[in-house]
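Here is the structure we will look at.
All of these numbers come straight from a predicted model, not from anything done at the bench.
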Amino acid sequence: MATENPLHKWFPTVERPLIISAPMFTVANGALAAAVTKAGGLGMVPAGMDPTAASPHLAALDEQLTMASQMLHDDTSIKSASETADDVAPPLQVGVGFLTLLATPEAYRANALPILRRHRPAFVWLFGSDPAEYGPLIALFRDAGAGWGIKVFVQVGTVEAARQVVRAGADVVVAQGSDAGGHQFAAAASVVALVPEIVDALRNEAEFRDREVGVVAAGGVVDGRGVAAALALGADAVAMGTRFMACPEADSNSFVRNAILNTNDGGATTVRYVCSTDPATRPSPLIKQKLNMIRSPLNDAIMGYPTWSKLYAGRTVIHSGLQDIEHGIPIEQVHESFKKAMAEGDETRMITFSGAGVGLVRSSKPAGEVVQDVRAEALAVIAKLKGNI
């Protein structure tokens, strides 16, 4: 793996350090993506998980890419930095995030590629498959976007998964640590351990030495201190999700905004594995065993969307449904309670996927300000460290 940061070369409009907004399904949108890109980062639009011809997810993708394109169209700095001598339209400086767990290359070829060709996003981000199965999808997107130089990011949670996706042709590995919110690898370390081991593998192992591969750190990073730390670990850029969920541009529901802004002590108030912090209400060993068996599908099953495989876990803010499960209430009953709460607006049963850094998100700011503030803080931290050594 080349030591020069390839992301700065591939995306010449970005400012350093590079901050990427995660492709959060139901939260991210064209306005958020455009705001992040205008501020010198890279914004992303989610494509969801339904690749069928009549997919509402793909229809929304088309709409949101149109919005991002319109918002970025008059930004001459973004256009001119990558415009060619032949005046060919440059790629749209946003990415598209595909949740691939229900997809096939054939479905994407028929239904997603026409949208990508129409909007020419700079990169796609894939997540949700078995790492050993990404090869056909990576080839599909790289070949389809060859005309405008599309790059393929793949989100992983282990070192071996990083090796697998790079062998399959990924341009960028998103190293997602266990502090991340939302869905993630069930077997994962924090970015502190995960990022440097992935970087070392891609830089030092013989099969990767001649490959130009970027590494993006994700999971628990919400401010400039986290960005500076991720860069020190060897990352080329940082992706943030939870920090953008409270931004006014985001499509977050009101209960999500409330949870993000009012949750503190994120290590104790968000969970990957269901375990009460109150000794008096901890489950019996039998219930705990059952909880560990179902792991990531738990919150999805409560909501009625048990689609993720055993490879994945999910971090959420603790909610009433999890407490019910701990007390032995059957999952079917908890699901019915969730549906009733949805109808009645009972926020105590709503599910907020959130990273462990949520306690550091204390205010709602426009996405562009978030990018600028986090970048400035990261640079100040780096300068201070230089001065102290």
Sort out for me which residue in W125, F153, F141 forms a ring pair (Phe, Tyr, Trp, His ring centres under 6.0 Å) with F98.
-> F141
Less than 4.0 Å between a side-chain N and a carboxylate O, is that true for R142 and D171?
-> yes
For the student: nearest non-hydrogen atoms of A259 and T352, plus distance = CB-OG1, 3.6 Å
All heavy atoms of L61 vs all of A47, minimum pair found to be CD2-CB, 3.8 Å
Do M49 and L102 have side chains that get closer than 4.5 Å, going by heavy atoms?
-> yes
N-O pairing of E207 and R163 below 4.0 Å | no
All heavy atoms of L311 vs all of D130, minimum pair found to be CD1-CA, 3.8 Å
Spacing of CD1 belonging to I351 relative to CG belonging to N253, to within rounding of 0.5 Å | 12.5 Å
Checking side chain to side chain contact (heavy atoms under 4.5 Å, CB included) for the pair T263/V361: CA distance, chi angles, key distance, verdict?
-> CA-CA 9 Å; T263 298; V361 183; over 6 Å; no
Rounded to the nearest 0.5 Å, how far apart are CD of Q70 and CG of L65?
-> 11.0 Å
Spacing of E205 atom CD and R211 atom CZ [to the nearest 0.5 Å] | 13.0 Å
Beyond-backbone contact of R16 with H8, side-chain heavy atoms, under 4.5 angstrom = yes
With a 6.0 Å cut-off on ring centres, are Y312 and F127 close enough?
-> yes
Candidate pair L140 and L113, rule side chain to side chain contact (heavy atoms under 4.5 Å, CB included), full reasoning | CA-CA 9 Å; L140 175 73; L113 293 190; 3.7 Å; yes
What's the verdict on salt bridge (charged side-chain N to carboxylate O under 4.0 Å, His left out) for R225 and E377, showing C-alpha distance, side-chain angles and the deciding distance?
-> CA-CA 7 Å; R225 293 169 295 182; E377 184 182 20; 3.8 Å; yes
Exercise: identify the closest heavy-atom pair between I115 and L58 = CD1-O, 3.4 Å
Between S190 and S178, a side-chain donor and acceptor under 3.5 Å | no
Is there a chain of hydrophobic side chains (I, L, V, M, F, W, Y, each step under 4.5 Å between heavy atoms) that links W10 to L92?
-> yes
State yes or no: do V381 and V374 share one hydrophobic cluster built from I, L, V, M, F, W and Y residues joined by side-chain heavy-atom distances below 4.5 Å, directly or via other members?
-> no
Close side-chain approach of L322 and V334, heavy atoms under 4.5 Å = no
Under 3.5 Å donor-acceptor, H57 side chain and G48 backbone | no
Check whether L7 and W148 end up in the same hydrophobic cluster, where Ile, Leu, Val, Met, Phe, Trp and Tyr are linked by side-chain heavy atoms less than 4.5 Å apart.
-> yes
Mind checking whether V36 and L42 have side chains closer than 4.5 Å, heavy atoms only?
-> no
R257, CZ: over 12 other non-hydrogen atoms inside 6.0 angstrom | yes
Shortest non-hydrogen contact from P17 toward R375 = CD-CG, 3.6 Å
Heavy-atom side-chain contact between V216 and V238 under 4.5 Å | no
Taking only Lys NZ, Arg NE, NH1 and NH2, and the carboxylate oxygens of Asp or Glu, determine whether R167 and E160 approach each other closer than 4.0 Å.
-> yes
Considering only heavy atoms from C-beta outward, does the side chain of D300 approach that of H183 to under 4.5 Å?
-> yes
Which atoms form the tightest heavy-atom contact between A367 and A35, and what is the distance?
-> CB-CB, 4.0 Å
Verdict with supporting geometry, M24 and D251, side chain to side chain contact (heavy atoms under 4.5 Å, CB included) = CA-CA 10 Å; M24 299 169 287; D251 282 337; over 6 Å; no
Only one of H319, M303, M342 forms a side-chain contact (heavy atoms from CB on, under 4.5 Å) with M350, so which one is it?
-> M342
Taking the side chain as every heavy atom from C-beta outward, state whether M44 and V96 have any pair of such atoms under 4.5 Å apart.
-> no
What distance do E369 atom CD and S364 atom OG have between them, rounded to the nearest 0.5 Å?
-> 9.5 Å
Can R315 and T270 be said to form a side-chain hydrogen bond (donor to acceptor under 3.5 Å, both in side chains), step by step?
-> CA-CA 6 Å; R315 182 181 291 279; T270 66; 3.0 Å; yes
Hydrophobic cluster identity match, L126 and L101, side-chain contacts under 4.5 Å = yes
Residues Q155, Q176; criterion side-chain hydrogen bond (donor to acceptor under 3.5 Å, both in side chains); working and verdict = CA-CA 7 Å; Q155 181 177 327; Q176 183 192 35; 2.9 Å; yes
Any chain of hydrophobic side-chain contacts (each under 4.5 Å) joining L261 to I318?
-> yes
The reported gap from CD in E197 to OG1 in T158 (rounded to nearest 0.5 angstrom) is 9.5 Å
Is R118 salt-bridged to D62, going by a charged N under 4.0 Å from an acidic O?
-> yes
Test V173 against V165 for side chain to side chain contact (heavy atoms under 4.5 Å, CB included), laying out the working first.
-> CA-CA 8 Å; V173 170; V165 301; 4.0 Å; yes
For the pair T269 (side chain) and N264 (backbone), establish whether a donor and an acceptor sit closer than 3.5 Å, ignoring hydrogens and angles.
-> yes
Are W308 and L99 close enough that some pair of their side-chain heavy atoms sits under 4.5 Å apart?
-> yes
